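Taking it in order: structure first as structure tokens, then the write-up.
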There are 2 protein chains.
Amino acid sequence: MESVLRKYRGKGFKLTPQRIAILKFLDGNTSHPTAEDIYTEIKKKYPTVSFATVYNTVQALRDRGELLEITIDPQRKHFDPNPSAHHHIMCTGCGRIADVFTDYSKALTLPEEVTSEFHVTGNHVDFYGVCSDCRKKTN
Amino acid sequence: MESVLRKYRGKGFKLTPQRIAILKFLDGNTSHPTAEDIYTEIKKKYPTVSFATVYNTVQALRDRGELLEITIDPQRKHFDPNPSAHHHIMCTGCGRIADVFTDYSKALTLPEEVTSEFHVTGNHVDFYGVCSDCRKKTN
DNA sequence: TCCTATCTTGGAATAATTCTATTATATAGT
DNA sequence: ACTATATAATAGAATTATTCCAAGATAGGA
């Protein structure tokens with residue numbers, strides 16, 4: 001828990017109580033929360049917290065490379081506190097997002113017509129499917 | 001042009017003037033327009049067209065498998081009238097989206113821990129980069 | 001301890017999308 | 001061609017997600 005905070009000390013990143021709560025909530029969290037998920041959680045301990053604080057904090061973390069913005073869900077953004085290169089799969093039934101740790105970098109070669117026009121800086125591989133819980137329900 | 005409309009006749013899909021305009025705008029269009037792009041275009045010929053019509057129509061097309069919703073842009077949805085499996089690259093400078101027609105299906109194998117939980121139904125491979133125009137400008 | 005840059009907050013603003021009630025019309029059936 | 005009706009179009013309100021803003025609060029360096 002202290003280790004969560006250590007890397008943010010100094011460097012003009014103020015460790016306010018709200019931010020500490022957000023950092024602790026995100027630490028090791030693999031649930032891919034939305035801004036609202038974070039807001040709801042932090043509100044339990046800090047009832048006056050605002051969405052602005054949540055968005056400010058995730059943006060600060062993103063700028064520092066500590067957080068990824070996930071685009072797999074067409075409806076809203078999700079966040080992932082694991083900034084290392086990996087991918088995702090979303091259940092089209094319940095919306096749950098899980099991690100996919102396979103490294104596809106070797107496989108994702110681009111044709112010359114694309115690489116000649118774009119300097120490629122990154123990629124997302126998103127999978128869609130139906131999880132076992134949802135298969136039981138809807139059949 | 002007639003061929004664009006042929007496949008929509010019958011089957012409870014009403015070919016209204018607004019829809020025909022949308023279908024013609026989308027036919028062969030590789031610009032990956034947003035709802036607003038479509039709205040702005042159709043408004044030229046039908047000044048009273050509403051966003052509801054645009055959204056209703058793209059949803060009807062999506063339901064019929066004639067249109068894909070693109071999630072590569074975190075800010076807004078884009079649409080692609082080419083429903084065959086392919087992928088995209090977006091310029092992080094100007095937001096332009098281009099098609100990537102490489103077939104990665106063979107390469108995108110998932111670990112057993114994922115396939116045992118999810119019945120996989122689809123995937124998106126999104127690339128990010130900087131296009132040649134934007135390299136000239138910002139650099 | 002004090003100063004100040006930075007943060008938090010509430011609420012307003014913006015933007016994207018969906019919904020609703022009403023009016024209009026494309027098309028199937030005659 | 002005519003009519004009935006299911007479906008669509010429209011305006012505008014509602015919803016949802018996100019950003020902005022001004023004022024007061026505070027973390028952390030000096």
Side-chain angles (χ1 to χ4, degrees), chain A residues 2 4-25 32-64 67 69-79 95, chain B residues 2 4-25 32-64 66-67 69-79 95 97:
Chain A
E2 265 310 301
V4 185
L5 307 181
R6 194 170 303 145
K7 69 174 126 177
Y8 296 103
R9 299 210 185 280
K11 326 243 179 65
F13 188 89
K14 278 197 185 179
L15 279 172
T16 66
Q18 295 86 346
R19 284 184 167 190
I20 291 169
I22 293 173
L23 290 171
K24 285 183 178 172
F25 174 60
H32 307 90
T34 63
E36 186 171 23
D37 294 334
I38 299 170
Y39 173 76
T40 301
E41 177 65 24
I42 306 311
K43 209 172 173 62
K44 290 178 188 168
K45 194 168 180 188
Y46 298 98
T48 64
V49 75
S50 69
F51 266 105
T53 295
V54 173
Y55 281 107
N56 284 344
T57 303
V58 298
Q59 187 168 331
L61 295 176
R62 183 153 47 93
D63 291 346
R64 301 177 144 248
L67 187 76
E69 196 173 273
I70 308 299
T71 60
I72 193 172
D73 179 353
Q75 305 312 314
R76 59 189 63 77
K77 291 175 190 169
H78 293 251
F79 299 97
Chain B
E2 264 312 301
V4 185
L5 308 180
R6 196 169 301 146
K7 69 174 124 176
Y8 297 102
R9 299 211 182 279
K11 327 243 179 63
F13 187 89
K14 277 197 186 178
L15 279 173
T16 66
Q18 295 86 344
R19 285 184 164 189
I20 291 169
I22 292 172
L23 290 171
K24 285 183 178 175
F25 174 60
H32 307 90
T34 63
E36 187 173 20
D37 293 335
I38 298 171
Y39 174 75
T40 301
E41 178 65 25
I42 306 310
K43 209 171 173 62
K44 291 178 188 169
K45 192 168 181 187
Y46 298 97
T48 65
V49 76
S50 70
F51 266 104
T53 295
V54 173
Y55 280 106
N56 284 345
T57 302
V58 297
Q59 186 168 329
L61 295 176
R62 182 153 45 94
D63 292 347
R64 300 179 144 245
E66 305 286 350
L67 186 73
E69 195 173 272
I70 308 299
T71 60
I72 194 173
D73 179 353
Q75 305 313 315
R76 58 190 64 77
K77 291 176 190 165
H78 293 250
F79 299 97
I97 297 170

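Predicted model only: the values in this text are computed from it and were never measured. So you know, we letter chains A, B, ... as the sequences are listed, proteins then strands, and number each from 1.
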Run the side-chain hydrogen bond (donor to acceptor under 3.5 Å, both in side chains) test against [X] and tell me which residues pass, sequence neighbours left out.
| X | answer |
| --- | --- |
| A:E69 | A:R62 |
| A:E36 | none |
| A:D73 | A:H78 |

Take atom [atom1] of [X] and atom [atom2] of [N], then tell me their distance rounded to the nearest Å.
| X | N | atom1 | atom2 | result |
| --- | --- | --- | --- | --- |
| B:D37 | C:dA16 | CG | P | 10 Å |
| A:K43 | C:dT8 | NZ | C1' | 13 Å |
| A:R76 | D:dT19 | CZ | P | 15 Å |
| B:I20 | C:dT27 | CD1 | C1' | 12 Å |
| B:F51 | C:dT17 | CZ | C1' | 9 Å |
| B:Q75 | D:dA17 | CD | C1' | 11 Å |
| B:I38 | C:dT17 | CD1 | C1' | 13 Å |
| A:K45 | C:dT8 | NZ | P | 15 Å |

(request) Report the residues that fulfil side chain to side chain contact (heavy atoms under 4.5 Å, CB included) with B:P47, sequence neighbours left out, ordered by chain and then residue number. (result)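 Listed in chain order: nothing, the list is empty.
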(message) Applying side chain to side chain contact (heavy atoms under 4.5 Å, CB included), can you list everything that pairs with A:I20, at least two apart in sequence or on another chain?
(response)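 A:I20 satisfies side chain to side chain contact (heavy atoms under 4.5 Å, CB included) with A:L5, A:L15, A:K24 only.
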(request) Starting from the first five and the last five pairs of the helix from C:dT1-D:dA30 to C:dT30-D:dA1, work out the angle between the resulting helix axes, to 10 degrees. (result)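 It works out to 40° between the end axes.
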Enumerate all atom pairs, one protein N or O and one N or O from nucleotides 6-13 of chain D, separated by less than 3.5 Å.
{"unit_1": "D:dT7", "atom_1": "O2", "unit_2": "B:K14", "atom_2": "NZ", "d": "2.6"}
{"unit_1": "D:dA8", "atom_1": "OP1", "unit_2": "B:R19", "atom_2": "NH1", "d": "2.8"}
{"unit_1": "D:dA8", "atom_1": "OP1", "unit_2": "B:R19", "atom_2": "NH2", "d": "3.1"}
{"unit_1": "D:dA9", "atom_1": "OP1", "unit_2": "B:T16", "atom_2": "OG1", "d": "2.6"}
{"unit_1": "D:dA9", "atom_1": "O3'", "unit_2": "B:Q18", "atom_2": "NE2", "d": "2.8"}
{"unit_1": "D:dT10", "atom_1": "OP1", "unit_2": "B:Q18", "atom_2": "NE2", "d": "3.0"}
{"unit_1": "D:dT10", "atom_1": "OP1", "unit_2": "B:T48", "atom_2": "OG1", "d": "3.1"}
{"unit_1": "D:dT10", "atom_1": "OP2", "unit_2": "B:S50", "atom_2": "N", "d": "3.4"}
{"unit_1": "D:dT10", "atom_1": "OP2", "unit_2": "B:T53", "atom_2": "OG1", "d": "3.0"}
{"unit_1": "D:dT10", "atom_1": "O5'", "unit_2": "B:T48", "atom_2": "O", "d": "3.3"}
{"unit_1": "D:dA11", "atom_1": "OP2", "unit_2": "B:T48", "atom_2": "O", "d": "2.8"}

(request) Compute whether any side-chain donor of one residue and acceptor of the other, for A:D37 and A:T40, lie under 3.5 angstrom apart. (result)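 No.
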(message) Does anything in residues 43-52 of chain B form a salt bridge (Lys or Arg N to Asp or Glu O under 4.0 Å)? List the pairs, not counting sequence neighbours.
(response)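 Qualifying pairs, neighbours excluded: B:E41-B:K44.
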(request) Taking all non-hydrogen atoms of both residues into account, name the closest pair between B:R76 and B:T34 and its distance. (result)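 Heavy-atom minimum between the residues: CD-CG2, 3.4 Å.
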(message) Whether B:Y55 contacts C:dT18 is assessed here as follows: a side-chain N or O lying under 4.0 Å from the phosphate OP1 or OP2. Is that the case?
(response)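 No, because none of the side-chain N or O atoms of B:Y55 sits under 4.0 Å from OP1 or OP2 of C:dT18.
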(request) Scan residues 40-60 of chain B for pairs that pass ring-ring contact (aromatic ring centres under 6.0 Å, His included), counting only residues two or more places apart or in two chains. (result)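 Listed once each, the pairs are B:Y39-B:F51.
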